[in-house]
Amino acid sequence: MDILPAISIIAAALAVGFGAIGPALAEGRAVAAAMDAIARQPESAGTLSRTLFVGLAMIETMAIYCLVIALLVLFANPFVK
Amino acid sequence: MHIDWWTLGLQALNVGVLLWIFSRFLFRPVADIVRKRQEAADAVLAQAEASRTAALAHEAEVQVNADRLSAERGRVMADAEAQARATAEAILSDANRDAARIRADAEVATVALKEAEMTRLATQASRLSLEITRKLLARLPYELLVSGFIDGLSEAVAHLPEETRAGMGNPDQPLILTAARPLTDAERQTCQDVLERILGRSVTLTTETDPSLLAGLELEAPHALVRNSFRADLERIEARLIHHD
Amino acid sequence: MISSPLSTDVLFHIGPIPVSDPVVVTWGIMAVMTLGLWLATRRLTIKAGPVQAVLEMIVEVIDGQIRESMQVDPAPYRTLIGTLFLFIFIANWSSLIPGVEPPTAHIETDAALAALVGGATLYFGIRVRGLGGYLKTFAEPSWVMIPLNIIEQITRTFSLIVRLFGNVMSGVFVIGIVLSLAGLLVPIPLMALDLLTGAVQAYIFAILATVFLGSAVSGEEGGKPEPQPPQKED
């Protein structure tokens with residue numbers, strides 16, 4: 001049993017797991033702020049929710065990057081022959 | 001991981017073709033039609049603006065016409081009013097003049113009537129008085145009807161002009177002595193005597209009778225007439241009374 | 001072991017050229033778009049019908065977004081931005097058709113799109129400001145920033161590629177995993193989320209392209225600070 005695949009799997013799991021923490025916190029704060037703003041100004045709920053979705057997608061991109069890294073490690077690892 | 005360069009190239013080509021497709025079949029036609037619609041809307045707006053301008057011009061024209069008509073109507077009305085006022089004034093002045101004339105006429109007529117009435121009353125009163133006089137005279141004594149007047153006759157003859165007296169009493173031109181009643185011989189003689197005394201010569205005397213003399217004697221010569229009777233007196237009085245002068 | 005989502009399958013060859021799966025799907029999208037748009041815009045009238053009204057609304061929304069982001073007349077950029085948005089949107093939603101994998105789930109397509117954005121940025125920047133003017137924007141606010149600006153140009157293009165690729169590919173990948181685990185109806189919410197993600201990513205890609213173009217043609221903001229703050233986090 002080669003050690004490299006095992007390390008790759010662990011690295012992928014760590015990348016996705018830790019990489020999800022930051023975006024999760026950020027998304028929570030973003031949604032909380034958006035809810036606060038909507039509660040203050042219900043008339044601008046449309047603009048706020050649209051901006052919120054775009055922002056969430058932006059934040060989510062962080063987690064997606066981690067996922068890409070994990071997939072690269074898993075499927076396209078240059079060190080695993 | 002490896003990148004398929006052929007796929008990358010083909011996809012780049014595809015994206016370029018997609019650009020053309022979207023441009024050719026979506027964006028350009030839609031932009032064109034939007035522009036056309038905009039132009040149409042602009043045209044319609046311009047037309048509406050032109051129509052509005054025309055309508056405004058028309059309205060102004062109508063307003064001008066209305067003003068003109070109004071002014072004309074005002075002028076006509078003023079004219080008519082002035083004319084009516086003039087006519088009314090003319091009629092009024094005519095009426096006033098007529099009324100004044102009528103009133104003046106009426107006053108004149110009234111005055112005339114009054115005068116006529118007064119004249120008539122005066123005349124009537126005069127006649128009445130004369131009639132009374134005649135009636136009263138008729139009751140005088142018979143002799144007095146002649147004798148009382150002989151003196152008057154002689155006086156009147158004496159006052160005649162000389163040439164008149166000269167022609168009186170010629171035999172060819174007898175004097176006519178008119179009395180109210182037939183003269184008696186004595187009376188006739190008296191008269192002849194008196195006349196001869198006054199005239200200074202003999203006179204031929206014919207006598208006549210005229211009851212209308214009432215009383216008195218009248219001597220008639222070819223060129224003279226001596227009226228010495230109540231009738232003559234009364235006539236004189238009457239003339240003076242009635243004619244008021 | 002499921003197959004790698006990063007690989008591309010070559011379906012057939014035209015001469016020496018290998019034609020892969022995303023290329024074929026893109027061709028299909030192109031054909032459908034050409035036919036549909038030709039039919040839809042064949043008879044445009046001033047009095048818009050329903051289809052024409054929808055098309056005009058799409059174009060006007062794109063125009064409005066460009067005008068809002070760039071503060072310029074949207075006409076020169078309408079085709080580029082509109083094509084990016086509509087193609088990515090349709091490509092992302094093409095996963096609704098069974099057996100079709102979105103071409104944007106392969107990094108070559110995203111790379112081609114990002115290369116188009118980079119080339120358009122260069123083209124419009126030079127066209128509007130001149131070659132010297134455009135190169136001078138790299139030295140803002142001072143010449144010290146030149147390497148950083150160049151790196152930023154490259155990294156933001158890469159971030160465009162990886163963001164779109166990662167989002168779409170992860171959606172496809174997750175759906176594939178769930179489908180292999182759980183059968184019939186379970187992937188449907190994930191597919192719905194995937195559609196939402198696809199639409200949002202198409203919008204983000206187009207908006208970021210607009211922002212890049214705007215900073216290139218009207219870059220009075222000082223060059224260094226990105227107009228879109230989230231961009232710096234990539």
Ignoring hydrogens, what is the shortest heavy-atom contact between C/Pro18 and B/Leu10? Give both atom names and the distance. O-CD1, 3.9 Å

Identify which part of C/Ala111 has an atom lying under 4.5 Å from any heavy atom of chain B, answering side chain, backbone, both or neither. both

Can you check whether anything in residues 197-206 of chain C gets within less than 4.5 Å of chain B, heavy-atom wise, and list it by number? none

Interatomic distance, C/Glu108 atom CD to B/Asn14 atom CG [nearest 0.5 angstrom]: 12.5 Å

Is there a side-chain contact between B/Thr7 and C/His106 (heavy atoms, below 4.5 Å)? no

Compare all side-chain heavy atoms of C/Met33 with those of B/Phe22 and state whether any distance is below 4.5 angstrom. yes

C/Phe85: what forms a ring pair (Phe, Tyr, Trp, His ring centres under 6.0 Å) with it, not counting sequence neighbours? C/Phe89

Is there a side-chain contact between B/Trp6 and C/Val19 (heavy atoms, below 4.5 Å)? no

Side-chain contact, heavy-atom cut-off 4.5 Å: C/Leu116 with B/Leu19? yes

Is there a side-chain contact between B/Phe27 and C/Leu86, using heavy atoms and a 4.5 Å cut-off? yes

Select one option (side chain, backbone, both, neither) describing which atoms of C/Ile62 are under 4.5 Å from chain B's heavy atoms. side chain

Straight-line distance of C/Thr83 OG1 to B/Ile21 CD1, nearest 0.5 Å: 9.5 Å

Is any residue of residues 69-90 of chain B within less than 4.5 Å of chain C by heavy atoms, and which ones? none

Is the closest side-chain heavy-atom distance between C/Ile107 and B/Leu8 below 4.5 Å? no

Only heavy atoms, only distances under 4.5 angstrom. Which residues in residues 36-60 of chain B are near chain C? B/Lys36, B/Arg37, B/Ala40

